[in-house]
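By convention here, the first residue in the shown sequence is residue 1. Predicted model only: the values in this text are computed from it and were never measured. Note that these values count all heavy atoms, side chains included, but never hydrogens, waters or copies made by symmetry.
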Amino acid sequence: MIPKKDSSRRQKTTTSQEQMHTDLHHCSYCGKSFTHQRRLQTHQRVHLGKKSHQCLQCGKSFRQKGHLQQHQRVHTGERPHHCSQCGKSFADLSNFKQHQRIHTGEKPFICSQCGRRFTHQCTLRTHQRIHTGEKPHQCSQCGKSFADLSNFLQHQRIHTGEKPFHCVQCGRRFSHKCNLKTHQRIHAGEKSYRCSQCGKSFNLERALQQHQRIHTGDKPYQCSQCGKSFNHKRTLQSHQSIHRGEKPYHCSHCGKSFNRECNFQTHQRIHTGEKPYKCSQCGKRFNQQSGLKAHQRIHTGEKPYHCSQCGKNFNRMGNFKRHQLIHTQLKTHQRIHKGKKP
């Protein structure tokens, strides 16, 4: 027989649970349930778009008071969450917890398809698109799609011409942060990668590897349509756009289109007047590196273009080609006098 005291306790617990279930507050928009009326009201702001907590400094509004307090740290500079291992501080608790995984090596987010682990849930979501083939970020100008938002935003700079990364030493601008970092090595004089065959040095390992193909003659990238081979993957990709008739790089100033990004960027300098290549001897500036190299031959006296017919040398390819026409025209003229067909 159950003692009266225990029976009474069970009855009270059951009554309490029943009462809690009865007192649940349901959202009329999505059906989600809450134990407190206040939590339901906070939740409903998501559906109503109501943002009743406003920042007095910038006017930005938030649904929850906690989110406003977190935002205000942007203005105050307060960073209450301090990492004991590296000393870095954070305004946001979630960012602080994510940072700690760098030190702990924790990767709680696992891909169910390949087992790869990630420190951030957003990185896992982006990775899963490799398996699903999903590319939700589509460029409205050329139709190209991307799985990753950051790659999409970087791509858009091709069309807008935006170059947000600025070199403080020479003023040159870049569309990608990694390109700025590579460029800054020029100023630092840092060239760690040296070619054992010709002694030329490079600031990037991949640049050295690409350079070495000049010596080896290796052209690993082959066009499936015409069989032509290239020593750079990017050169192959640019070449393939010729077969497709694709010209994704569109100038917003004059409407001209290009199949190569480098040609597009060079063209834009016509409109912007930018001349990033400067002669170290006389200070003259050029919008193309090839123009600078040709100009520098005036100072060095170098004349690499040699006419095999008369032995004359030239410092510019254009001048050399114009000179060759003299010999061609002379030969044609001589054939006419001899009664031969030109």
Side-chain angles (χ1 to χ4, degrees), residues 161 170-174 179 183 186-187 191 195 197-203 207-208 210-219 223 226 228-232 234-239 241-242 247 249-251 253-342:
C170 69
R172 196 173 169 189
R173 305 189 76 92
F174 299 87
N179 292 346
H183 165 79
I186 296 165
H187 298 298
K191 288 187 177 181
C195 176
Q197 292 195 53
C198 67
K200 197 173 181 181
S201 296
F202 300 86
N203 50 19
L208 170 62
Q210 286 174 359
H211 162 79
Q212 286 176 321
R213 291 176 192 145
I214 296 167
H215 302 298
T216 61
D218 183 30
K219 291 185 177 181
C223 176
C226 68
K228 197 174 180 181
S229 294
F230 302 87
N231 53 12
H232 297 93
R234 200 167 180 178
T235 315
L236 168 64
Q237 288 170 341
S238 295
H239 164 79
S241 64
I242 295 165
K247 290 186 177 182
Y249 307 105
H250 184 76
C251 178
H253 296 281
C254 67
K256 199 173 180 181
S257 296
F258 301 85
N259 57 9
R260 291 188 181 186
E261 187 182 2
C262 60
N263 294 343
F264 169 62
Q265 288 173 346
T266 301
H267 165 80
Q268 281 191 314
R269 292 177 193 141
I270 296 166
H271 302 295
T272 62
E274 184 193 2
K275 293 182 178 182
Y277 305 102
K278 185 181 176 180
C279 176
S280 57
Q281 292 196 51
C282 69
K284 195 173 180 182
R285 303 189 77 98
F286 299 86
N287 59 10
Q288 292 186 51
Q289 194 173 22
S290 59
L292 171 61
K293 284 180 179 177
H295 164 80
Q296 284 174 323
R297 291 178 194 137
I298 296 166
H299 301 297
T300 61
E302 184 192 359
K303 293 183 177 181
Y305 306 105
H306 179 77
C307 178
S308 58
Q309 293 193 56
C310 69
K312 200 171 181 182
N313 294 313
F314 298 87
N315 60 6
R316 289 178 181 266
M317 172 71 85
N319 294 342
F320 171 58
K321 284 183 176 177
R322 278 194 293 273
H323 165 78
Q324 284 185 313
L325 289 171
I326 296 166
H327 298 296
T328 309
Q329 287 166 1
L330 179 61
K331 282 179 181 177
T332 305
H333 178 71
Q334 286 171 338
R335 283 189 190 123
I336 292 164
H337 283 292
K338 289 177 183 179
K340 291 179 181 179
K341 289 182 181 180

Looking at His267, His250, Lys247, which one forms a side chain to side chain donor-acceptor pair (under 3.5 Å) with Ser257?
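Running side chain to side chain donor-acceptor pair (under 3.5 Å) over His267, His250, Lys247 with Ser257 returns exactly one hit, His250.
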Picking from His306, Glu302, Lys303, what satisfies side chain to side chain donor-acceptor pair (under 3.5 Å) with Asn313?
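Among the candidates, only His306 passes.
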Heavy-atom pair of closest approach, residues [X] and [Y]:
{"X": "Asn259", "Y": "Ser241", "result": "CB-OG, 3.2 Å"}
{"X": "His211", "Y": "Cys198", "result": "NE2-SG, 3.3 Å"}
{"X": "Ile298", "Y": "Asn315", "result": "CG1-ND2, 4.3 Å"}

Heavy-atom side-chain contact between [X] and [Y] under 4.5 Å:
{"X": "Arg234", "Y": "Cys262", "answer": "no"}
{"X": "Leu292", "Y": "Gln296", "answer": "yes"}
{"X": "Cys170", "Y": "Lys278", "answer": "no"}
{"X": "Tyr277", "Y": "Arg172", "answer": "yes"}
{"X": "Arg297", "Y": "Tyr305", "answer": "yes"}

Atom pair [atom1] ([X]) and [atom2] ([Y]), whose distance is rounded to the nearest 0.5 Å:
{"X": "Gln324", "Y": "Ser308", "atom1": "CD", "atom2": "OG", "answer": "7.0 Å"}
{"X": "Glu261", "Y": "Gln265", "atom1": "CD", "atom2": "CD", "answer": "4.5 Å"}
{"X": "Gln212", "Y": "Lys200", "atom1": "CD", "atom2": "NZ", "answer": "12.5 Å"}
{"X": "Cys310", "Y": "Ile326", "atom1": "SG", "atom2": "CD1", "answer": "8.0 Å"}
{"X": "Arg173", "Y": "Thr272", "atom1": "CZ", "atom2": "OG1", "answer": "11.5 Å"}
{"X": "Arg285", "Y": "Lys275", "atom1": "CZ", "atom2": "NZ", "answer": "9.5 Å"}

Determine, stepwise, if the pair Cys195 / Leu208 fulfils side-chain contact (heavy atoms from CB on, under 4.5 Å).
CA-CA 7 Å; Cys195 176; Leu208 170 62; 3.8 Å; yes
